[in-house]
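These notes concern the structure reproduced below.
We name chains A, B, ... by the order of the sequence lines, and we start the count at 1 in each one.
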2 protein chains.
Amino acid sequence: MIQRNTVQRRQVLEAVQQLYNHPTAEDIYEYLAERQAGLGRATIYRNLNVLCEQGLVHKIEVPDAPARFDHTLCAHYHLQCRCCGSFGDVSLPEQNRLDRAVSKETGYTAVTHDIVFSGICPECRAAGKDRSAEPKA
Amino acid sequence: MIQRNTVQRRQVLEAVQQLYNHPTAEDIYEYLAERQAGLGRATIYRNLNVLCEQGLVHKIEVPDAPARFDHTLCAHYHLQCRCCGSFGDVSLPEQNRLDRAVSKETGYTAVTHDIVFSGICPECRAAGKDRSAEPKA
DNA sequence: GTATTATTGAGATAAATTCTCAAAGAAAAA
DNA sequence: TTTTTCTTTGAGAATTTATCTCAATAATAC
């Protein structure tokens, strides 16, 4: 399975780089649809997977939401507001240390992990939108 | 929305406690189906959500796989083998420290997170099943 | 150029979960 | 304890996200 350098693949990679705000596959679909290039959804998903394997793109699994994709830079975590859904980066250089600690404790090798922190952003906090602070039942 | 104490809700909670190995909703469905109690899937999903809100059950979001549910004990992380899929606990008491660090860095409040580490278990390693070590393309 | 074979795209399919809504049944009120 | 209220149930439809199918297309190698 030798990879080919197709127009579509380049367009998907370019879209992830342009849409720097962690686009979903659907975001990319719409972005490319607006620009003449009418890529099919299957093509977008397929190429995102290929680009992930190549290490050019990083897939972020978000709880209860579609996966997002990140232009690969240095390792970092992500943070999402439980109220408004805003999504961003967190710099907290713990990745290697945690992976090593888990490997040492369990005997597993090639350990990796991602984290999507969940919290209430300052804006929602100020606006009193924080429903997680309300009594549950 | 006052919660009612139904037979079904108790059965779902009991199933999560009995199936201590991080069951999926489907595991619970089958477990209860085998025991006379023919709960509908909708009922199981609904009750798992309620029990999570009540803090009696913890939902574990697993990348590229159905969610698993954990009888709530003290906070801990999870670890999955990329080869055989085996799934288990990891004790690494970092939760509070990381949440506080993210809160301090970003101004977000009520920060929480989960981690599902991914690695190769010693058995798969020994059996040479580690496909992630092979060249990619 | 021609042959080989990865890639595309439209739509079908799959997997996980939620929604719909009439019937059933807790809990509260009378 | 009867009635009223309103949450919950369950079967199946619907939704969402993502993958698969397969004939047509197009990169690459020869």
What integer distance in Å separates [X]:[atom1] from [N]:[atom2]?
X: A:Tyr45; N: C:dT13; atom1: OH; atom2: P; value: 19 Å
X: B:Tyr29; N: C:dA15; atom1: OH; atom2: C1'; value: 15 Å
X: A:Arg10; N: D:dA27; atom1: CZ; atom2: P; value: 8 Å
X: A:Glu26; N: D:dA18; atom1: CD; atom2: P; value: 10 Å
X: A:Asn5; N: C:dT8; atom1: CG; atom2: C1'; value: 15 Å
X: A:Glu30; N: D:dT17; atom1: CD; atom2: P; value: 11 Å
X: A:Leu48; N: C:dT7; atom1: CG; atom2: C1'; value: 15 Å
X: B:Leu13; N: D:dT8; atom1: CG; atom2: C1'; value: 17 Å

Near DNA chain D, counting only heavy atoms under 4.0 Å, which residues of residues 55-70 of chain A show up? A:Pro66, A:Ala67

List for me each residue that meets side chain to side chain contact (heavy atoms under 4.5 Å, CB included) alongside [X], sequence neighbours excluded, and say none if there are none.
X: A:Thr24; answer: A:Glu26, A:Asp27, A:Pro66, A:Arg68
X: B:Thr6; answer: B:Arg4, B:Gln8, B:Arg9
X: B:Thr112; answer: A:Arg82, A:Ser118
X: B:Ser91; answer: A:Glu105

Looking only at heavy atoms, what is the nearest atom pair of A:Leu48 and A:Ala25, with distance? CD1-CB, 4.0 Å

Under 4.0 Å protein heavy-atom contacts per nucleotide of nucleotides 9-14 of chain D, with B for base, S for backbone only and - for none: BBBB--

When you group the ILVMFWY residues by side-chain heavy-atom contacts below 4.5 Å and let the links chain together, are B:Ile60 and B:Phe69 in the same group?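 No, it is not one cluster - the side chains of B:Phe69 and B:Ile60 are not joined through contacts under 4.5 Å.
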
Examine D:dT8: is either OP1 or OP2 under 4.0 Å from a nitrogen or oxygen in the side chain of B:Gln3? Give yes or no.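 Looking at the OP1 and OP2 atoms of D:dT8, one of them is under 4.0 Å from a side-chain N or O of B:Gln3.
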
Other than B:Ile115, which residues form its hydrophobic cluster under the rule that side-chain heavy atoms must be closer than 4.5 Å?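 In the cluster with B:Ile115 are A:Tyr77, A:Leu79, A:Val90, A:Leu92, A:Leu98, A:Val102, A:Tyr108, A:Val111, A:Ile115, A:Phe117, B:Tyr77, B:Leu79, B:Val90, B:Leu92, B:Leu98, B:Val102, B:Tyr108, B:Val111, B:Phe117.
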
Determine to 10° how strongly the helix from C:dG1-D:dC30 to C:dA30-D:dT1 is bent, judged from the axes of its five-pair ends. 40°

Go through the structure and list residues passing salt bridge (charged side-chain N to carboxylate O under 4.0 Å, His left out) with B:Glu14, not counting sequence neighbours. none

Which distance, rounded to the nearest 0.5 Å, do you find between the CD1 of B:Ile44 and the CD1 of B:Ile28?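 One finds 6.5 Å between CD1 of B:Ile44 and CD1 of B:Ile28.
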
Sorted by first residue and then second, give each ring pair (Phe, Tyr, Trp, His ring centres under 6.0 Å) pair with at least one member in residues 85-105 of chain A; sequence neighbours left out. A:His22-A:Phe87, A:His78-A:Phe87

How would you list all residue pairs meeting ring pair (Phe, Tyr, Trp, His ring centres under 6.0 Å) that involve residues 25-55 of chain B, not counting sequence neighbours?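 For residues 25-55 of chain B: none.
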
For nucleotides 24-26 of chain D, which of its nitrogen or oxygen atoms have a protein nitrogen or oxygen under 3.5 Å away, and what is each distance?
none

Ion pair present between B:Asp70 and B:Lys59, side-chain N to carboxylate O less than 4.0 angstrom? no

May I ask you to decide whether B:Lys104 forms a salt bridge with B:Asp99, counting only side-chain N to carboxylate O separations under 4.0 Å?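 No salt bridge links B:Lys104 with B:Asp99.
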
Output yes when a side-chain donor or acceptor of A:Gln80 lies under 3.5 Å from a complementary backbone atom of A:Ser86, and no otherwise.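 It does not hold such a pair.
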
